[in-house]
Amino acid sequence: MTTRTPLERLIAMPEFGPLALLLVEIALFTAINPTFLSPLNISNTLTFTVELGIIALAMTLLMTSGEFDLSVGSMFGFAPVLMWTLFNANILPFGAAFLVAMLVAAAIGLFSGLFVTRLKIPSFLVTLGMLLVVRGTSLYITDGFPQRTWSAEGTWLATILVGDFYVGPFRIYASLFWFIGLAAILGYVLNRTKAGNWIQAAGGNPLAARARGVKVGRVKVALFMLTASCAAFAGMISSIRTSAANPNSGTGYELEVIAMVVIGGTVLTGGRGTILGTVIGTLILRVMRNGIVLIGVPGLAYNIFVGAIILGMMALHSWLERRHNAGV
Amino acid sequence: MTTRTPLERLIAMPEFGPLALLLVEIALFTAINPTFLSPLNISNTLTFTVELGIIALAMTLLMTSGEFDLSVGSMFGFAPVLMWTLFNANILPFGAAFLVAMLVAAAIGLFSGLFVTRLKIPSFLVTLGMLLVVRGTSLYITDGFPQRTWSAEGTWLATILVGDFYVGPFRIYASLFWFIGLAAILGYVLNRTKAGNWIQAAGGNPLAARARGVKVGRVKVALFMLTASCAAFAGMISSIRTSAANPNSGTGYELEVIAMVVIGGTVLTGGRGTILGTVIGTLILRVMRNGIVLIGVPGLAYNIFVGAIILGMMALHSWLERRHNAGV
Amino acid sequence: MTDLIRMEAIRKQYGNVVALDGVDFRVGEREIVGLLGDNGAGKSTLIKVLSGAVPITSGTIRLRGKPVEIRSTTDAIACGIETIYQDSSLVPQLSIARNLFLGREPTKGPFGSLDFEAMHAAANGLLRRVGIEKDIPPDTPISSLSGGERQAVAIARAMHFANDLIILDEPTNNLGVAETQGVLNFVRSARASGHSCIFIAHNIHHVFQVVDRIVVMRRGRKVADDIDPKETTVEAVEEIITGMTADGRPVA
Amino acid sequence: MTDLIRMEAIRKQYGNVVALDGVDFRVGEREIVGLLGDNGAGKSTLIKVLSGAVPITSGTIRLRGKPVEIRSTTDAIACGIETIYQDSSLVPQLSIARNLFLGREPTKGPFGSLDFEAMHAAANGLLRRVGIEKDIPPDTPISSLSGGERQAVAIARAMHFANDLIILDEPTNNLGVAETQGVLNFVRSARASGHSCIFIAHNIHHVFQVVDRIVVMRRGRKVADDIDPKETTVEAVEEIITGMTADGRPVA
Amino acid sequence: KTYYWISHGSPADPVWTYFLQGAEQWAQDTGNTVNTSFHNGDVASHQEALRAAIAAKADGIVTTSPDPGSLVEVAKEANAAEIPIINFNTPDPTASFDAYVGGDNVVFGASWAQYLVDNGLVKQGDFVWMPVEVPGATYGVQEEEGIRSVFEPLGITWEVTDATLDQAEIITRMSDYLTANREKVKAIIGLGDLVTGSIKRVFDQVGVKPGDIPVVGWGNSLDTTQEVLEGYVNAAQWQDPQATSYVALSLAAMEAGGVPAGFNVITGALYDKQAAQIYDDILSGK
Ligand SMILES: Nc1ncnc2c1ncn2[C@@H]1O[C@H](COP(=O)(O)OP(=O)(O)OP(=O)(O)O)[C@@H](O)[C@H]1O
Ligand SMILES: Nc1ncnc2c1ncn2[C@@H]1O[C@H](COP(=O)(O)OP(=O)(O)OP(=O)(O)O)[C@@H](O)[C@H]1O
Ligand SMILES: [Mg+2]
Ligand SMILES: [Mg+2]
């Protein structure tokens, strides 16, 4: 075994492919429209990116353990609706309403998790059912009306969650720190703790893990709860920031979030996951959407470009992988 | 090994669980609202059911081989748009336009298949990208406008595809026969032919299959083409029947179709598939949607009920399975 | 002295297939029992019952005389039973060190961080103890090991976490000469340090080298027990296994 | 007479790991070659190269003197090479009969229907030929077979589709007494009917019973060739494998 | 010059293609660049697009409002950057837009309900069915508000149901609902173009003759103009979609040229059988 230079080690990392893709993408968009790298645009892109990113981080752990959750999008819409309903109806103060929404989300995650692990129903069906129930509930409790959101600004909770300030020309929201913090914690958990080892084992070979006394079911249930909570959290910060609580928000996020995780290198069938990869995957997808608007693609062709870029990047990725495997 | 009575053999079949669910469901709905079993309602329900069912049948084979296709919904919307555009612009006669749309769909399936098998990119990403490209393309070529569809009625092709007639009080569309025929053929292929053996092996243990000279890649590519073609075919029949060609049709069908296949008993990760199960799964989901409206659930609570019934039925299913395993 | 484990009238059906048909089986304290039998005899099923991997249809299990219910691997571990299965019990994506300590990871620091130094040091020592001479870095994923190297990792794990009862289902499969000696030495030392062991193997020579008592199964039944390897020959046992009585007639 | 297969200077790297380091290897017509070596020696890698499962880094392969490129299993099958891998080469969800005929299914009728009758009849015969005595219905899925029964199915398949060169990677693992004899008999009969064979096993006794020539590998290199089992002892070969020269010093 | 046209609508909703057409025609007529984007009611991505436009120093922005109150901040940012920002299609008086162009959904809703009442098509105690494409979307919610103001005092009840944006699914669900509630439903208000445009197909499938159940609702599609002409639909709402986009962009351009826009432009008309031909001609490009 020869020792490697740092560059070689970088190239050998599984996250190298996605990282290269991200850089290529940024370079391309900047070449076409230099506004792309303006502080305003960077701040703007980051804002929503980190909200989706928070869900993607939790989903990374869940997918590593061999399951996934299709209900995150509807949870993203449901939690803020619940919070604002409780608050607007004067049932609870703001902080308590926030807490209750988080608890309800965790309870729903618990329910999905138990369904999957105890009844042995594929997570596809359980979370698809849950998607419909949760989305339906937000519609039903609001009667379809968006909730009013005027009175959050300035409360200490709102400041902690989405307060914004300027760092030089960059407008930074507090949510960025939540994202970075969560990425650091979950990355640490996945790679360097006992829990992380159990998560990977649960996804890699559940029978073997169980035979070693790993509580595979409990690990998965906990991750379902984490994912649901993170989706609710992301939904609420997004709602406070955009001052909107619409029962429809978050529609379709499930596929986008899973795509972020998979592009980052986490395996769809479990056993291998990377938080760093997910951070990069999240950036790849959101930067792409921002860039497409910025370079002025016609509105109706938007989806064609998003799709074609995903396909193109995956082809590039596969080519990088192959070169890399052949090269060593 | 003791011999079994026919009843025991029926109960031991993997399709018994879904079948029992379907019967329970029908009994419940009929008890609440007897209109449920009226000829008008049965005819209505079957009409759209078989259109989705045609996609689910092809998807069953694809999923048995270990892959899936998220782009079927957008293909369902794209094919009729293409057909009517070619026809309305007087570029091609009706039959030829139909044929061209089928060929284009097959070509797109070929492309997805090659991407998945040659570049080794997960089918989730490839077909998600394809979903966006295909949907975007239908929007782009039509500029978002629905295509006009008035002039199909009465042509021989339209009659073959969606002609309707009455059998007693039942209004039957030709598409029902296409569905039955396809189910018979694909069931035969999957269970009783060499190709079926290859499909199951490709999903069960691709390495072992390849080592035996099974062209795993080619099998999968062929199934991607079949699935795309069936989605296009279903889209075109649906479009002729409803005289509408909206670039938006088919949105979200991918999850519903996969759910039909999974409820029927086909394994999400490949290796085991059942056409009979898919037929039952298709009926379960569509009958449920019809029944919910019929028993008079509040309009906005629709999704709650769909989701809750999916979850409830899965719980019942898991209970049946367990009893069944314990009982023998 | 009560036995460590006593299984009575164990019956296990898979659908219509009777895999175990009223088997009595016991393991004493500090005893190495060899479990032999042809393919499909029910050996793996019997030990899977004991390790909580499959539920029994009927029968009772006693641990040191007290009836116990073993419904899951967690129960088995609580009873002090440690198993190496015939089919893979490793997670291919994880490294050697992570597999070795799976479920019993050493941690350090306030945040429950894995103690990689301790894990890697222990891994190196263990691999050498099983007989692996090559230097394999402990962070190598299992998926890039050879068949025998994988088996060696599984054995090393059982060695390290030696429990009251260690079950080895065909542990010497895939193993080379040195590694096989490593396993046999380990079984001997296990007894010396107070453990019991069930040893399954088709290579009767290996069995004869280490066990105190041989039990033979055939088609889901126990056909011989209390065979002392010191008082019989490999050939005699082979005859029992293949179902030919000493005088050359088929048994069944 | 030219050799059936001649591999020259084969080199295979996995990342930084050199699994094969310039190996020359040949198999004559109607020859049974025993390939021995400790765990991780490179035996499986060598035969995977031959069966198209892994690409080589460098080296040449000749088939009856003509250079061939084996890039995929399809190429290998076209060259007449049939392999039973050490790790599972069966599809667990499929029945025994379907696995036996996978890739070469007999069909009948105008619609290419599988000929289940023929498949089941052949399956029954084959299982008996490998030494399985129990009646296992040929439509039993592989996933409900015992470890040894699975191995027996894999062997039975190789027997049935015997090709120019049959590669067996540790075929006797997991097998009971009768089944092992079935495999050894099969190898002998393969030579009689004109096939060649590469036989890998850690049980040197099995190897000695059937092969014409023994090749020994160690750490990715060939360390001995042309050993005639009739002119040496098991112990002598074991010494070569474990890397101790006859006079007791380590080699490397 | 570069203008941004940002819609919370869905490109799949046919009425939005007419809006888009207006924007494209304006771009052609004036030679300016118009960057268009659709956001499917997703507030976060809508805001992101607006901020991207501000970042790109657009010469002017025209935007719909995805939710009341959701664009207050962004509008201020545009004001601060001195970029003209015109609101169209869905008004939001709480945000500091420079002007509004479009209809008033509350008024539309009220006028449908009033039409049914005035023409004696519904009376006290009746039940009205209101299928909507996207429940919870602002337009439907505001229309329901208007309808409520007329029906509630009269004791007329109603139900909103989810029809989705998918043609085949719309027809299936509406047929199911009508089969189950044929007796109960005294009138239908289609809260969306796809829904109203599917009435003929649904009636044909369930066996309801044109006119048996009175229908009013949105009418910005050829399907609906035809239905009005054939008597399936009694009256339908026209929104002037192309004109709305065109005028909104013109206002933005006017402001960019230094003339402030200090007024709103209200569009829309309810048409019946007599007037339907005009709109049919517009829609078929005659
Ligand atoms: N999951 C299962 N479903 C149905 N039958 C099974 C299952 N597992 C094992 N069997 C059957 O039970 C019998 C005993 O299997 P078992 O694995 O215990 O044998 P074994 O003695 O370990 O054999 P080997 O030496 O080949 O490993 C076999 O006939 C096998 O076919
Ligand atoms: N996919 C892989 N990636 C990296 N290294 C590998 C891979 N496969 C095998 N190796 C390494 O190559 C070497 C040779 O492995 P090989 O499987 O050929 O050994 P073997 O002689 O068959 O051993 P055994 O008798 O244990 O089966 C081993 O050191 C192994 O760790
Ligand atoms: Mg066994
Ligand atoms: Mg090997």
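Below, read A as the first sequence line, B as the second, and so on, with proteins coming before strands; counting in each chain starts at 1.
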K.L.:
Counting only non-hydrogen atoms closer than 4.5 Å, does E:Val206 touch chain B with its backbone (N, CA, C, O), its side chain (CB onward), both, or neither?
P.N.:
both

K.L.:
Quick one: pull up CZ in B:Phe48 and CZ in E:Arg173 and give me the separation to the nearest 0.5 Å.
P.N.:
9.5 Å

K.L.:
So for atom CZ, which belongs to B:Phe305, do other residues, nucleotides or ligands contribute more than 12 heavy atoms lying within a distance under 6.0 Å?
P.N.:
no

K.L.:
Is B:Leu40 close to chain E through its backbone or its side chain, or both, or neither, when contacts mean heavy atoms under 4.5 Å?
P.N.:
side chain

K.L.:
So how far is it from B:Thr242 OG1 to E:Gln205 CD, rounded to the nearest 0.5 Å?
P.N.:
9.5 Å

K.L.:
For the atom pair CZ (E:Arg182) and OG1 (B:Thr35), what is the distance rounded to the nearest 0.5 Å?
P.N.:
13.5 Å

K.L.:
Against chain E, label B:Tyr253 side chain, backbone, both or neither, depending on which of its atoms sit under 4.5 Å from a heavy atom there.
P.N.:
side chain

K.L.:
Is it true that atom CH2 of B:Trp178 has more than 12 heavy atoms of other residues, nucleotides or ligands lying nearer than 6.0 Å?
P.N.:
no

K.L.:
Taking every non-hydrogen pair under 4.5 Å, which of B:Asn303, B:Ile295, B:Asn290 racks up the most with chain E?
P.N.:
B:Asn290

K.L.:
Could you tell me the separation between the CG atom of B:Asn41 and the OG1 atom of E:Thr179, rounded to the nearest 0.5 Å?
P.N.:
5.5 Å

K.L.:
Taking side chain as C-beta onward, heavy atoms only, is E:Asp176 less than 4.5 Å from B:Arg289?
P.N.:
no

K.L.:
Going through the checks in order, is the side chain to side chain contact (heavy atoms under 4.5 Å, CB included) test met by B:Asn246 and E:Leu194?
P.N.:
CA-CA 10 Å; B:Asn246 194 311; E:Leu194 276 174; 3.2 Å; yes

K.L.:
May I ask you to test the E:Arg201-B:Arg241 pair for a side-chain heavy-atom distance under 4.5 Å?
P.N.:
no

K.L.:
Quick one, E:Thr172 with B:Asn44, criterion side chain to side chain contact (heavy atoms under 4.5 Å, CB included). Give me CA distance, side-chain angles, the key distance, then yes/no.
P.N.:
CA-CA 7 Å; E:Thr172 306; B:Asn44 272 354; over 6 Å; no

K.L.:
Which bit of B:Ser43 is near chain E, if near means a heavy-atom gap under 4.5 Å: side chain, backbone, both or neither?
P.N.:
neither

K.L.:
Name the region of E:Glu159, side chain, backbone, both or neither, that has any atom closer than 4.5 Å to a heavy atom of chain B.
P.N.:
side chain

K.L.:
Using non-hydrogen atoms and a 4.5 Å limit, figure out which bit of B:Ser249 sits close to chain E: side chain, backbone, both or neither.
P.N.:
both

K.L.:
With chain E, which of B:Gly250, B:Gly291, B:Gly252 has the greatest number of heavy-atom pairs at distances under 4.5 Å?
P.N.:
B:Gly250

